[in-house]
A.B. asks: 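I'd like to ask you about the structure that follows.
Residue numbering restarts at 1 for every chain, and letters A, B, ... go by the order of the sequence lines. Computed from a predicted structure; not experimentally measured.
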Number of protein chains: 2
Amino acid sequence: MKTYREENYLKAVYQLANHDKSKTVSPTDIANWLEVKPPTVLEKLAILVKKGYVTYNKFDGARLTTTGKDIALNIVRRHRIWETYLYKELKFSWSEVHEIAEQLEHINSDKLIDRIYDVIGNPDFDPHGDPIPNKQGKLPKSDRRPLSQSIKGCKCVVLGVSEHSEVFLNYLTELKIGLNDKLIVEQINAYDDSLKLSTKTKEHILMSAKAAQQILVQCIKPNCACK
Amino acid sequence: MKTYREENYLKAVYQLANHDKSKTVSPTDIANWLEVKPPTVLEKLAILVKKGYVTYNKFDGARLTTTGKDIALNIVRRHRIWETYLYKELKFSWSEVHEIAEQLEHINSDKLIDRIYDVIGNPDFDPHGDPIPNKQGKLPKSDRRPLSQSIKGCKCVVLGVSEHSEVFLNYLTELKIGLNDKLIVEQINAYDDSLKLSTKTKEHILMSAKAAQQILVQCIKPNCACK
DNA sequence: TAATAAAATTAGGTTAACCTAACTATTTAA
DNA sequence: TTAAATAGTTAGGTTAACCTAATTTTATTA
Ligand SMILES: [Mn+2]
Ligand SMILES: [Mn+2]
Ligand SMILES: [Mn+2]
Ligand SMILES: [Mn+2]
């Protein structure tokens, strides 16, 4: 039996591992992520190890086994399908969907997920541009880089965001920057790396480097000099 | 904090009280309903009493307080709205919706419920003909009686079912009897109270008294002699 | 009504999921 | 390279939800 708590632990390990592939996933990381204390995590990790979903030692940290990763990816799949459904069918904003999807991802009905995935047209990406794993846990490819890596004059398209907080998403919405919008990098301030951007609807948007790091884009011109 | 377990206990008390208004709701009734053992129920009842959601003593059994009833009716509301949504929007059959709604009813988002209720057109009844309480917990009126109380020659319309089991609902589906279908009672067997019915699509349906007790109907002719 | 059956209750125990406090090991930084 | 800080671990405790096995009431029924 996988409880929703167990699902959340496995998803946390998956997400932390993916967030920073160079770092190991420590009990403290998981504890902070799930807002519990380290001993609670240790205890749960021991159970997950016994069940064969993760391996753990101090040096490698927590790692998902194949089984564990399958479960985690399935939760991620459900989460992203629900987000897309809420966004497309039920007209929630991209800053609202995450919280509700956190609950809905634990509903146990393959048929329901299949239905809503069908209704939204079997997309590859969710409203934040995150890839939706298929039933086998395979992620669609997409090559994206932070907007902050752009050079002056670059024309690019927004393919996602790496931060999902409501305040950040609402900030983008205010700037009228959304998924698949085209951006032109007009200027880059050498002192603080802030950018001046323009879009179809808005010109001279000033954006901090901090914000630009969270926006994932792809160059439009095939031979663009961006890194 | 109301956990889904607490919500289930309150809903159980509500449903048992409504199923048979003459009987008190005993710990054993609740235990059987929720598939737990009586001591577990006693324990939880003590907590619910302390929280002010129910009263309990051996003679009156468990009774919802005003607060407890409000919570229970809200869960019932969410359940029935989800059932209707699954049925109308996501094309689940009326025998499938209950089980999934049992999970979805605990999703905590008023905005989500409001949205889906809007999408389905703010109906008063769910796919089983059960009334959907409004936000204030008020139930829409409808007067219905078991088909088994019909007299020979009665023309009536199906407004609901009092049993929700998959096997029963699939049986009705096989007979092509659904909500709002018109029935004519052609014959009543005096020995076992079984009925001979006809519908628009099917003639000479033979139905046991047991099944007929679970079908809720309303006479079509205003001066019908049915009890 | 006395015996029997059923329901309610009490006692005591388990497991999952959390916690704090204390201790140990590992970093980091002076 | 030692002191201080941080991270990992162990020990021990709590609460919610379950359980079984008595025990005590409260029906039933012969
Ligand atoms: Mn999300
Ligand atoms: Mn997302
Ligand atoms: Mn139902
Ligand atoms: Mn129903």
A.B. asks: Both Glu43(B) and Lys37(A) contact DNA chain C. Which one's nearest nucleotide lies toward the 5' end?
C.D. replies: Glu43(B)
A.B. asks: Respond yes when some side-chain nitrogen or oxygen of Thr40(B) is under 4.0 Å from OP1 or OP2 of dC19(D), and no when none is.
C.D. replies: yes
A.B. asks: The side chain of Val36(B) is closest to which nucleotide in this list: dT9(C), dC19(D), dT9(D)?
C.D. replies: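 Output: dC19(D).
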A.B. asks: Given the ring of Phe92(A), does Arg115(B) sit roughly above its face, with NZ or CZ under 6.0 Å from the centre of the six-membered ring and within 45° of the axis?
C.D. replies: yes
A.B. asks: Grab the CZ-C1' distance between Arg5(A) and dT15(D) for me, whole Å please.
C.D. replies: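 That distance rounds to 12 Å.
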A.B. asks: Nearest-nucleotide wise, let me know which of Lys58(A) and Ile47(A) is further upstream toward the 5' end of DNA chain C.
C.D. replies: Ile47(A)
A.B. asks: Whether Lys44(B) contacts dA17(D) is assessed here as follows: a side-chain N or O lying under 4.0 Å from the phosphate OP1 or OP2. Is that the case?
C.D. replies: yes
A.B. asks: Return the value, rounded to whole Å, for the distance between atom CD of Glu35(B) and atom P of dA17(D).
C.D. replies: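 Between P of dA17(D) and CD of Glu35(B): 18 Å.
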A.B. asks: Could you tell me the separation between the OH atom of Tyr4(A) and the P atom of dA16(C), rounded to a whole number of Å?
C.D. replies: 15 Å
A.B. asks: Check whether any side-chain N or O of Tyr9(B) sits under 4.0 Å from OP1 or OP2 of dC18(D), and answer yes or no.
C.D. replies: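 Yes, Tyr9(B) has a side-chain N/O under 4.0 Å of OP1/OP2 on dC18(D).
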A.B. asks: Heavy atoms only, 4.0 Å cut-off, all strands: where does Pro27(B) land among base, sugar-phosphate and nothing?
C.D. replies: sugar-phosphate
A.B. asks: Can you check the Lys50(A) NZ to dA17(C) P distance for me, whole Å?
C.D. replies: 13 Å
A.B. asks: Given atom CG of Leu45(A) and atom C1' of dA7(D), what is their separation to the nearest angstrom?
C.D. replies: 14 Å
A.B. asks: Trp82(B) vs Tyr85(B) aromatic rings, parallel, tilted or perpendicular, using cut-offs 30° and 60°?
C.D. replies: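 Aromatic pair Trp82(B)/Tyr85(B) classed perpendicular.
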A.B. asks: Thr28(A) side chain N/O closer than 4.0 Å to the phosphate oxygens (OP1, OP2) of dG8(D)?
C.D. replies: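 Answer is yes, contact under 4.0 Å.
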A.B. asks: Mind checking whether Trp94(A) and His128(A) have parallel, tilted or perpendicular rings, split at 30° and 60°?
C.D. replies: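 The rings of Trp94(A) and His128(A) lie parallel, inter-plane angle below 30°.
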A.B. asks: Give a yes/no verdict on a cation-pi contact between Arg77(B) and Tyr117(B), requiring under 6.0 Å between NZ or CZ and the six-membered ring centre and an angle within 45° of the axis.
C.D. replies: yes
A.B. asks: For Lys23(B) and dA27(D), what is the distance between atoms NZ and C1' respectively, to the nearest whole Å?
C.D. replies: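 Rounded to whole Å, this separation is 13 Å.
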A.B. asks: Rounded to whole Å, how long is the line connecting atom CZ of Phe59(A) with atom P of dA25(C)?
C.D. replies: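 Computing the Phe59(A):CZ to dA25(C):P distance gives 11 Å.
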A.B. asks: Counting only side-chain nitrogens and oxygens, does Tyr56(A) get under 4.0 Å of the OP1 or OP2 atom of dT9(D)?
C.D. replies: yes
A.B. asks: Among the candidates dC18(C), dC19(D), dT9(D), find the nucleotide nearest to the side-chain atoms of Pro39(A).
C.D. replies: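 Side chain of Pro39(A) sits closest to dT9(D).
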A.B. asks: Please find the pair of heavy atoms, one from Trp33(B) and one from Ala12(B), that lie closest to each other, and give the distance.
C.D. replies: CD1-CB, 3.4 Å
A.B. asks: I need the CG-C1' distance between Leu42(A) and dC18(C), as an integer number of Å.
C.D. replies: 13 Å
